[in-house]
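The structure under discussion appears below in the form of structure tokens.
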Amino acid sequence: TMEDLRSEINNMQQYKERYYATCVAMEHLKGKLEGAWKAKKERDEEHQSAVDQLKSQIQSLSHTTETREHAAQVQSLRNRIVELEERCSVLSGHALSEKERQSQQHIASNGTLRDLQSRNSTLEQQSRN
């Protein structure tokens, strides 16, 4: 009947309106989803940038620390060199003193030996006479 047709047409129009409304809502949600994905991508990029920056800072600090450690080692080695040079100087002084003492002993020994040889010669001459 005609009323059934009108009712069916009315139902179809309502269905069509709901379909269009659903399509509009779906497009709206697609836009929101796309915006959310873009925002997430931007946050991920910002996060990665921050991570890269922190890694760079860590590397720089690590290099600075290594440089300071090397500088401390170099200073420690310089101090050790100074200590060893001072010890070497003291030992050289002792060696020179010892060498001088030995030279004096050698001179004294040679003098004593000459005296003994002289006495020996004198005694030999006296004993021959």
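- A 6.0 Å sphere centred on CD of E45 holds more than 12 heavy atoms belonging to other residues, nucleotides or ligands.
- Taking CD1 of I9 as the start and CE of M12 as the end, the distance is 8.0 Å to the nearest 0.5 Å.
- Residue Q59 places its CD atom among 12 or fewer non-hydrogen atoms of other residues, nucleotides or ligands, all under 6.0 Å distant.
- Every residue meeting the side chain to side chain contact (heavy atoms under 4.5 Å, CB included) condition with N11, not counting sequence neighbours, appears here in chain and number order: S7, Q14.
- The CD atom of E46 sits 8.0 Å away from atom OG of S49, with the distance rounded to the nearest 0.5 Å.
- In this structure, CG on L29 lies 8.5 Å from CG on L33, to the nearest 0.5 angstrom.
- A search for side chain to side chain contact (heavy atoms under 4.5 Å, CB included) contacts involving E42 returns nothing, not counting sequence neighbours.
- Distance check: N110 CG to D115 CG gives 11.0 Å after rounding to the nearest 0.5 Å.
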Would you mind writing out the side-chain donor-acceptor pairs for residues 61-74 within the sub-3.5 Å range, not counting sequence neighbours?
from	atom 1	to	atom 2	distance (Å)
T64	OG1	S60	O	2.9
T65	OG1	L61	O	2.8
T67	OG1	H63	O	2.8

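- Checked by atom type and distance alone, the side chain of S109 pairs as donor or acceptor with a backbone atom of Q105 at under 3.5 Å.
- Using a 4.5 Å cut-off between side-chain heavy atoms of Ile, Leu, Val, Met, Phe, Trp and Tyr, Y19 falls into a hydrophobic cluster with Y20.
- With respect to the salt-bridge test (charged N to carboxylate O, under 4.0 angstrom), the residues E98 and R101 qualify.
- Residue pairs meeting the salt bridge (Lys or Arg N to Asp or Glu O under 4.0 Å) criterion with at least one partner in residues 17-33, sequence neighbours excluded, are E27-K30.
- The pair K40-D44 meets the salt-bridge criterion, since a charged nitrogen lies less than 4.0 angstrom from a carboxylate oxygen.
- In this structure, CE on M2 lies 11.0 Å from CG on D4, to the nearest 0.5 angstrom.
- Judged by distance alone, with hydrogens and angles left aside, the side-chain atoms of S118 form no donor-acceptor pair with the main-chain N or O of R114 at under 3.5 Å.
- Separation of atoms CD1 (I81) and SG (C88) is listed at 12.5 Å; rounding is to 0.5 Å.
- Chaining together hydrophobic side chains whose heavy atoms lie under 4.5 Å apart leaves V51 on its own.
- Residues N79 and E83 have side chains that never bring a donor and an acceptor to within less than 3.5 angstrom of each other.
- The backbone N or O of E85 sits nowhere less than 3.5 Å from a side-chain atom of S89 that would complete a donor-acceptor pair.
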